[in-house]
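In what follows, a structure is listed as C-alpha cells, so that the remarks can point back to it.
Reckoned from all heavy atoms, side chains included, excluding hydrogens, waters and symmetry mates.
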Amino acid sequence: MATLESNKTLGGMARMLVQSSRLSEEEALALMEKARAQKVSFLNAILAQKKLSAREIAQTASDAFGFPYFDLDALQQEALPDKSIDIKLMQSHRVLLIQQKANVAYIAISDPTNLHSLDTIQFQMGATLFPIVVEDDKLGKWIDRIVEAKDTSMSALNAGHDEFDLGLEDPSEEPDIEAMQEVDDAPVVKFLQKILMDAINMGASDLHFEPYEKFYRIRFRVDGVLRDIAQPPLAIKEKLASRIKVISNLDISEKRIPQDGRMKLILSKTRAIDFRVSTLPLIHGEKIVMRILDPTSASLGIEALGYEPKQQEALLKAIHRPYGLVLVTGPTGSGKTVSLYTCLNLLNNPGVNISTAEDPAEIPLAGINQVNVNDKQGLTFAAALKSFLRQDPDIIMIGEIRDLETADMAIKAASTGHMVLSTLHTNDAPSTLSRLLNMGVAPFNIASAVTLITAQRLARRLCTHCKVPMRVPDEALLKVGFTAEDLDGSWQLYGAKEGGCEHCNNGYKGRVGIYQVMPVTEAMARIIMQQGNAMDIAAQAKREGVKDLRESGLLKVKQGLTSIEEVEAVTNE
C-alpha cells in the first residue's frame with residue numbers, strides 16, 4: 001500500500017525510472033525534493049548525484065516510451081536544417097531540431113515526459129513532432145554550440161556603437177558623434193542589423209548595396225554566386241549608406257570619391273566578425289560592398305581546404321623550407337588569402353618571426369606582425385618589405401606582388417635565407433613564371449628563388465542531402481577531360497538537384513578548393529633559364545605528374561564532391 005501512495009507523488013521521469021527499476025522510490029523522492037530545493041530539473045539532480053549516467057537515462061527512457069534513441073556524437077553540424085527552433089525556446093525547453101521533412105519535425109529531447117515543452121515547440125513550428133531521445137549532457141553541448149554559431153538575438157547586434165570596432169586606419173581617431181546622431185534612425189539601424197545577421201547565418205562572403213534609378217537592391221554572395229535578398233524602399237539608400245559609413249569610420253559627407261573602411265561585429269564573448277567596407281560613387285548614389293572576414297576560416301586546417309594528399313605533401317614541404325618563394329595564384333575570390341593564412345597558422349610558433357604586408361590585413365593572427373600598406377603615405381609593399389628585412393624576419397608574407405620592385409625584393413629575400421609567401425593574379429601555375437618574366441624579373445632569379453606555385457579555384461560543393469546520381473554518355477565524359485581509364489565504372493557521377501532542398505542553395509552547400517600544385521624542379525628551372533614560355537613549363541609539369549586545374553576538378557567530380565558543370569565553369573577550359 002505504501003508503494004501505491006508513494007507512486008502517486010512521483011511523476012514524469014521519476015515515475016519512469018522507478019517503474020524501470022533504475023531507482024528506488026526513496027531515491028526518486030529524495031532527488032525530487034533536492035531538485036525543488038535547488039530549483040533545477042529532476043534530470044539535472046540525478047546527473048549531479050551521479051546516480052545514473054546520461055546514457056543510461058536516455059536508453060531507459062527510449063525503451064519505456066518507445067521513442068528512438070540517438071547518440072548526438074554522430075550528428076554533423078552541416079546536417080542540421082537551416083531553419084531552427086527559436087534560440088530562447090531551444091535553451092529554455094532543452095530541445096534541438098535534428099531534421100525536418102515536409103510537415104514532420106524530428107526533435108531531440110532528453111526528457112520525453114516534458115509534454116509542456118513538446119506542446120510549446122509544436123505550436124511554434126506548426127509541424128508534427130517526432131521526439132528522439134538523447135543524452136542530456138550532449139544535448140546541452142549542442143545547444144550551446146548552435147547558440148554560439150548563430151547567436152541571432154538582437155542584443156548581439158546592439159545599436160550601441162561599442163559593439164563595433166570603429167577605429168581602423170588610425171586607432172586614435174574618434175568617431176563623429178554628431179554624424180552618429182544624424183543617422184541614428186531606429187528603422188534603418190534595425191534593418192541593417194537584420195541584414196548583417198542574415199548574411200552571417202547564410203554563410204555569405206559579400207554583401208552588395210546597389211542604388212539604381214527606380215529601385216534599391218541588396219544582394220549576398222553565397223557559395224560564389226550573387227543572390228537577390230531584398231529591395232528596400234529607394235528613399236532608404238542615403239540613410240543606409242550614412243549608417244554604414246559611420247560604423248566603418250568613414251566620412252559621411254564625402255560622396256564623390258571611393259572610400260575604404262572596416263567595422264567589427266561582436267557576436268559573443270568568443271566570436272567577432274570583421275567586415276571590410278568599400279564605397280563607390282555611381283550615377284544614382286553610392287554602391288557599398290561589405291566583405292565578411294571570419295577569423296575562424298584561417299583555423300580550419302589544411303585538410304579542410306581540399307588539397308589532394310600529394311598536393312598537400314608538396315605544399316607542406318615547400319613552406320617548411322628555411323628559404324624560398326611560394327606563390328599562390330588565382331582570380332579574386334578564389335580563396336588565396338585563406339590558403340596563405342592557413343600556411344601561416346601552421347608556421348606560427350614562438351621560435352619564428354613572421355611579418356606580413358597586406359592591403360588590408362584581413363584576418364588578425366596573434367603572434368604575427370601584420371602591416372596595412374598605405375600607398376598615399378608611402379607605405380607600399382616594397383617599402384614594408386624593406387623594413388621587414390631590417391627586423392630579422394624568418395617568414396614574410398606579401399599580400400600581392402604588383403610590380404617589378406616588389407617582385408625583385410621578394411625574390412632577393414627568398415634567396416637570402418627567408419621564406420616568402422605571396423600571391424599573383426594569373427590563370428594557372430605555369431603562366432605565373434611567364435608573368436614574372438614579363439614583369440622584368442631576371443630568369444636566373446626566378447629559377448633560383450621560386451620553390452612552388454599553387455593555382456586554385458573554388459567550386460561549389462554538392463549538397464550531401466539532395467545530390468542526385470547522374471548518367472552521362474562516355475563520349476561526353478571524355479570530351480570534358482576524363483580519360484578512358486577513368487571510365488571503369490568504379491565511381492558514381494552526381495549532379496545538383498534542381499531547386500535544391502532545405503539544407504542548400506539550388507543543390508549546392510559550401511565550396512571546395514581545386515588546386516594545381518607545381519613544385520619548381522631542376523628541369524623547370526632549366527626551361528626558365530632558357531626563357532621558355534608557359535606552354536613549355538606546362539608540358540614539363542605534365543611529364544612530372546602535376547595535375548592541372550581541370551584534372552584536379554574532375555577528381556573532385558569522381559569523389560562526388562562537385563558536379564561537372566561546376567568544374568567546367570571554374571576551370572575555364
Side-chain angles (χ1 to χ4, degrees), residues 307-308 310-331 334 336 339-340 343 357 381-382 385 388-389 395-457 514-552 571-573:
Y307 287 96
E308 298 300 326
K310 287 185 178 179
Q311 294 176 336
Q312 182 175 315
E313 182 183 351
L315 178 61
L316 291 176
K317 182 179 178 182
I319 65 172
H320 282 99
R321 289 183 56 169
Y323 58 86
L325 176 60
V326 173
L327 294 171
V328 180
T329 74
S334 60
K336 300 188 298 295
S339 294
L340 282 177
C343 292
F381 282 116
L385 192 47
F388 290 165
L389 294 175
I395 298 163
I396 296 170
M397 194 270 272
I398 305 167
E400 184 183 349
I401 293 178
R402 296 175 179 172
D403 52 44
L404 177 58
E405 185 183 10
T406 307
D408 267 337
M409 292 209 63
I411 282 176
K412 287 175 183 174
S415 302
T416 55
H418 306 92
M419 169 52 59
V420 181
L421 297 94
S422 188
T423 70
L424 265 177
H425 286 274
T426 57
N427 290 328
D428 58 13
S431 62
T432 303
L433 297 171
S434 297
R435 170 91 172 108
L436 290 172
L437 286 170
N438 293 337
M439 290 174 69
V441 182
F444 173 79
N445 285 334
I446 299 173
S448 61
V450 181
T451 56
L452 180 136
I453 301 169
T454 172
Q456 64 183 71
R457 301 288 189 276
I514 295 174
Y515 302 92
Q516 179 185 24
V517 178
M518 187 182 81
V520 179
T521 61
E522 289 185 8
M524 288 185 192
R526 283 194 294 271
I527 294 173
I528 297 166
M529 291 290 292
Q530 295 164 6
Q531 297 194 18
N533 58 32
M535 293 179 65
D536 299 327
I537 297 167
Q540 178 61 32
K542 195 170 187 65
R543 286 192 290 271
E544 294 178 4
V546 175
K547 293 184 184 300
D548 62 26
L549 287 167
R550 174 57 64 90
E551 290 171 331
S552 294
T571 55
N572 299 318
E573 292 186 10

With sequence neighbours excluded, what pairs up with Gln312 under the side-chain hydrogen bond (donor to acceptor under 3.5 Å, both in side chains) test?
none
Which residues satisfy the side-chain hydrogen bond (donor to acceptor under 3.5 Å, both in side chains) test with Ser434, sequence neighbours excluded?
none
Could you pull out all residues at least two apart from Ser552 that satisfy side-chain hydrogen bond (donor to acceptor under 3.5 Å, both in side chains)?
Gln311
According to salt bridge (Lys or Arg N to Asp or Glu O under 4.0 Å), who are the partners of Lys542, at least two apart in sequence or on a separate chain?
Glu551
Closest approach of Gly399 and Ser422, non-hydrogen atoms and distance?
C-OG, 4.4 Å
Closest approach of Val546 and Val517, non-hydrogen atoms and distance?
CG1-O, 3.4 Å
For residues 402-409, tabulate all N or O donor-acceptor pairs below 3.5 Å that involve a side-chain atom, not counting sequence neighbours.
unit_1 : atom_1 : unit_2 : atom_2 : d
Arg402 : NE     : Glu400 : OE1    : 3.3
Arg402 : NH2    : Asp359 : OD2    : 3.0
Asp403 : OD1    : Glu405 : N      : 3.4
Asp403 : OD1    : Thr406 : N      : 2.8
Asp403 : OD1    : Thr406 : OG1    : 2.7

Given Thr432, which partner from the list Asn427, Thr423, Thr426 fulfils the side-chain hydrogen bond (donor to acceptor under 3.5 Å, both in side chains) test?
Thr426
Which pair of non-hydrogen atoms, one from Val450 and one from Ile453, has the smallest distance, and what is that distance?
CG1-CG1, 3.8 Å
Full working for side chain to side chain contact (heavy atoms under 4.5 Å, CB included) between Leu436 and Asn445
CA-CA 10 Å; Leu436 290 172; Asn445 285 334; over 6 Å; no
Side chain to side chain contact (heavy atoms under 4.5 Å, CB included) against Ala525, all qualifying residues, sequence neighbours excluded:
Ala447
With side-chain hydrogen bond (donor to acceptor under 3.5 Å, both in side chains) as the rule and sequence neighbours excluded, what pairs involving residues 531-541 come up?
Gln540-Arg543, Gln540-Glu544
Holding to salt bridge (Lys or Arg N to Asp or Glu O under 4.0 Å), I want the full list of residues that pass it with Glu308, two or more places apart in sequence or in another chain.
Lys556
For Leu389 and Lys412: C-alpha separation, side-chain torsions, deciding distance, then whether side chain to side chain contact (heavy atoms under 4.5 Å, CB included) applies.
CA-CA 10 Å; Leu389 294 175; Lys412 287 175 183 174; over 6 Å; no
List for me each residue that meets side chain to side chain contact (heavy atoms under 4.5 Å, CB included) alongside Ala410, sequence neighbours excluded, and say none if there are none.
Leu385, Ile398, Ile401, Val420
Inter-residue atom distance Asn438.CG - Ser431.OG, 0.5 Å rounding:
10.0 Å
So CE of Met524 and CD1 of Ile537: to nearest 0.5 Å the spacing works out to 8.0 Å
Taking every non-hydrogen atom, the tightest pair across Pro430 and Ala534:
CB-O, 3.6 Å
Please tabulate, one pair per line, all N/O donor-acceptor pairs under 3.5 Å involving side-chain atoms of residues 314-328, not counting sequence neighbours.
unit_1 : atom_1 : unit_2 : atom_2 : d
His320 : ND1    : Leu316 : O      : 2.8

Between Met397 and Ile395, does a side chain to side chain contact (heavy atoms under 4.5 Å, CB included) hold up when you go through it step by step?
CA-CA 7 Å; Met397 194 270 272; Ile395 298 163; 5.9 Å; no
Partners of Phe381 by ring pair (Phe, Tyr, Trp, His ring centres under 6.0 Å), sequence neighbours excluded?
none
Output yes when a side-chain donor or acceptor of Lys336 lies under 3.5 Å from a complementary backbone atom of Pro331, and no otherwise.
yes
Under the side chain to side chain contact (heavy atoms under 4.5 Å, CB included) criterion, do Met518 and Leu433 qualify, and how do the steps go?
CA-CA 11 Å; Met518 187 182 81; Leu433 297 171; 3.9 Å; yes
Restricting to side-chain hydrogen bond (donor to acceptor under 3.5 Å, both in side chains), what partner residues turn up for Ser339, sequence neighbours left out?
Gln456
Closest heavy-atom pair, Tyr515 versus Leu549, reported as atoms and distance to 0.1 Å, is C-CD2, 3.9 Å
Look up atom OG1 in Thr571 and atom CD in Gln516, then write down how far apart they are to the nearest 0.5 Å.
11.0 Å
Smallest heavy-atom separation, Leu437 atom then Pro443 atom, equals CD2-CG, 3.7 Å
